[in-house]
Structures are given as C-alpha cells and as structure tokens.
Amino acid sequence: MAKIQAIRGMNDILPQQIPLWQHFENTAKSLLTSYGYQEIRLPVVEKSELFHRGVGDGTDIVEKETYDFTDRGDEKLTLRPEGTAGCVRAVIEHGMVARNQVQKLWYMGPMYRYERPQKGRYRQFYQFGVEVYGHDSITQDAELLALSWRFWQALGLDKNVTLQINNLGTNEDREKYKQALISYLTPIKDQLDEDSQRRLTKNPLRILDSKNQTTQVLLENAPKLDAFLSAETKGEFQKLYTHLKALNIPVTINPHLVRGLDYYSHTVFEWVTEDLGAQGTICAGGRYNSLVENLGGPQTPAVGFAIGIERIILLLQEVQQNIKTKRCDIYVISDDKAIFNAIEFTETLRAASPLLQIEQNHTLGSFKSQFKKADKSGAKLALIIAENECDNKTCTIKFLREEKDQITLPQDEALKLIDTLVE
Ligand code: ATP
Ligand code: MG
C-alpha cells in the first residue's frame, strides 16, 4: 500500500530533537515566571472573522497565508496564523481587561501559515508569545525587551542577536504618513515591484519593508515617517532607546521596520540574527494600543512579541551547545526464567528512588547482546537478575564505567545501595 506522508511544511519533531525543545521551553517558562507572567492556553482554531478584523485584511498573512475552512455546521473557521488575535479575544471574553486591569501573559503552541516551506519557514511552526495588557508606557516596552535579552543570555545566544526598534507613532500620525507615501509613490507606481504595487492601495507601509532593490532605491527620497511624529512621541522613543542602551542591549533604530501586521502603533521591534540566512528574524513584536477596542473590548493599551521556536532551535544547533540528551542510569538485564522477578525488583527500585532513570531489557537475547545494549544506553550500572539471582533473591551489580569488580548481594540490600552508586 502507498505510504501516507506528512503535509509539506508540517514537520515531525523527533525524539533526538526534543532535548533542545525542552531546554527552550523550560528556560522560557522559568524566566517568564520570574518576571511575574502567567501562562494562557488558547484554541488553535478561531472564527475567520477574528483574523480578518484582528490581523488585518490587507496583510500578507490574511491575504495569502491562512488555512481557512468551513466546518460541518457551515461556520467559517481559520487555523490560527499567530497568537495575538486569539489572546485578545480571550481576555475580552473573560473580562480580563475590564477597567484596565494589568495582565501579563505568555503562551506557546503551533501556528499555521500557507507559505513556501524552506529552512526556518514552515506551514506549521511554533511560537512562544508574550502579551501585556493595561500598561501604556515605554518602561513596559523596555521590560519586555530586557526580558527577551535575558532570555537570549540564558540560552547562550546573546552573541548571535541584535535588536532593531522603530516607532510607528499614533494611528493618526501613521494615517497622515500613509497618504504622503501614497502621493509620493503613485506617480512612479510602474517602477515598483509587483508586491509593492499591490500594497500601494492595501498596505502602503509594508512597501518600506520590500526586499526589492529597485523599490528600495525609489524609497530613498520618499517622505520619512519620523517627520510625521509628534515631539512627545519622538521624545518618548528617544528615552526608550537611551534606556535600552543603558541596559547594555545591542539595539539600533531601523526607520524601515514596519512589521507585517496592521495592529501595531508606537514601539515595534525585531530581534535578528545573521546566522540563519534569509529567515533571520527570531522574535518580533510591538505595541498595539487599539486592537482590544477594535475587537470589541474596552480601550486597553497592549504590547507583546512572538518568538519563532524553530528558528531558535536552528540557532542553538548552529552554536552547537551541549544540551544533555537522553540519560540512562541503570540498565536491567535478565533471562526468560527471571524476567518477572527482575521487573518486580525494578518497580520496587523505581518507587524507592524515583529520580533514577532505569531501562529494562525485554528482548532477553544472549547476555553478551544485553550487555552491549547496556553499554550503548550510557548507563553507569547494569543490574543482573537472572535465574541464579532469582532463586537466591539476590541481584548482581556490574560497574559499566569503572574498573571495579561486580558484586552480588541480597535484593533488599541492593535496593538501599544502588542510589549511592549513581550520584
Ligand atoms: P517573516 O518576515 O520571517 O515572514 P513575520 O513578520 O511573518 O516573519 P511574525 O508574524 O511577526 O513573523 O511572527 C513572529 C515570529 O514567528 C517571526 O519572527 C519568526 O521567528 C516566526 N515565524 C513567522 N512565520 C514563520 C514560519 N512560517 N515558519 C517558522 N517561523 C515563523
Ligand atoms: Mg511572514
């Protein structure tokens, strides 16, 4: 029969990769907890409308990348392409942002985008997201950036990443700027790349982000967003920049950074690396003070970011960190006659010393082949409970990594001793 294969761009994460994933997850969880953030778990599927209104109709994500479907009850649903919209929906639905309560949240899980799969870009990928509701201040923005910087340090990636920030101003500032940009680009529209031509009416700010050389040259003389920002906004942004410098964060201002999603205003940022080729953005986010209101909630300032976990895993592999892989302390060897006694002994040992990692041999080949497996497992000790040991209620301990004679002793004594032999 023909084999069924996984969907293109949707990957299995195999056991040998799991130690890096767990290292990421454990580091992230303990860091976020230490800053007073709480986890929220959200559905993978939402009403399509949430993303059209939340992420924005004119964005790449909603225009070209969502997995949309109709369920058996004729509801239009979408596999979430990102986490922020669903998180906002949830905090509104559960009254968590009423009267501007402060909520500091994180989540982790798969996201879905119909993109062209390549290294660091997949159709199912994992994000670690952080969102803060209820604080409208650059000090909160700075806390998030300090937190992310501490995270790269904890992962040993701080030499590989830099921070880019920009300020998109208020919605009104941006609206005025959009009009100025459209007026500048419309007469030279034909010279723009195809994507930028389309964006001119739908999402003109995104043109600044274009990777096309000709478009970039044409943009050199375009009006600059900076000129449309109020003195107050500029002053606050300068304070943020100075503060980040004081925290020793490797930060630069990138006036072209606009982010692909509609909901951002004021501070936006990306953590980038040069070690992953084209997929160099490992974390991206910013302030989104109008999204909660746009999705039917009370006016609530918000700021957040999302980390692409696969890209971090690739980076961790790149810098070749020695993350401990699978561990085994004890390997239990037996034979047909004694196997049930051996299993009973192992279970008693597991109950007495729950931190030990113990593997039981169930194939029961020759002792030679069982010892080979014991050696390969990395175990420090092999425990042998074969016919002889079973009859005498004893257990033989063989030292696999030390030049020591093996010992045979009563099983109840062995139970007390084993823990001390595996430090
Ligand atoms: P990019 O410019 O790389 O397409 P984006 O602006 O679409 O990124 P965001 O929506 O801001 O990305 O998502 C936050 C992070 O999630 C990105 O910085 C990236 O690390 C990761 N990410 C986004 N899309 C993918 C994908 N298809 N596969 C793997 N990771 C992704
Ligand atoms: Mg994208």
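First listed ligand is number 1; within each ligand, the first listed atom is number 1. These numbers come from the heavy atoms of this one structure, side chains and all, not from hydrogens, waters or symmetry mates.
In this view, Phe125 satisfies the ring pair (Phe, Tyr, Trp, His ring centres under 6.0 Å) rule with no residue, not counting sequence neighbours. By the side chain to side chain donor-acceptor pair (under 3.5 Å) test, Arg401 is found to be paired with Asp375, residues two or more places apart in sequence or in another chain being considered.
Here the CZ atom belonging to Arg89 is positioned 6.0 Å from the NE2 atom belonging to His94, to the nearest 0.5 angstrom.
Heavy atoms of Glu115 approach ligand 1 to within less than 4.0 angstrom.
For ligand 1 and Ile282, the ligand atoms under 4.0 Å from any heavy atom of the residue are 20 (O).
Evaluated for a side chain to side chain donor-acceptor pair (under 3.5 Å) with Gln279, the options Arg311, Arg121, Glu310 yield exactly one hit, Arg121.
For Arg113, every heavy-atom contact with ligand 1 shorter than 4.0 Å involves the side chain, none the backbone. By the criterion of a heavy-atom distance under 4.0 Å, the side chain of Gln127, and not its backbone, is placed next to ligand 1.
Side chain of Gln103 to main chain of Gly134: no donor-acceptor pair is present (N/O by atom type, distance under 3.5 Å, no hydrogens or angles).
Between Glu270 and ligand 1, not a single N/O pair is under 3.5 Å apart. Backbone and side-chain nitrogen or oxygen atoms of Glu310 are examined, and none is located within less than 3.5 angstrom of a nitrogen or oxygen of ligand 1.
Ring planes of Trp106 and Phe128: parallel class, angle under 30° (limits at 30 and 60°).
Proximity annotation for atom 3 (O) of ligand 1: of Arg121, Arg116, Arg123, Glu82, Arg121 comes nearest, heavy atoms only.
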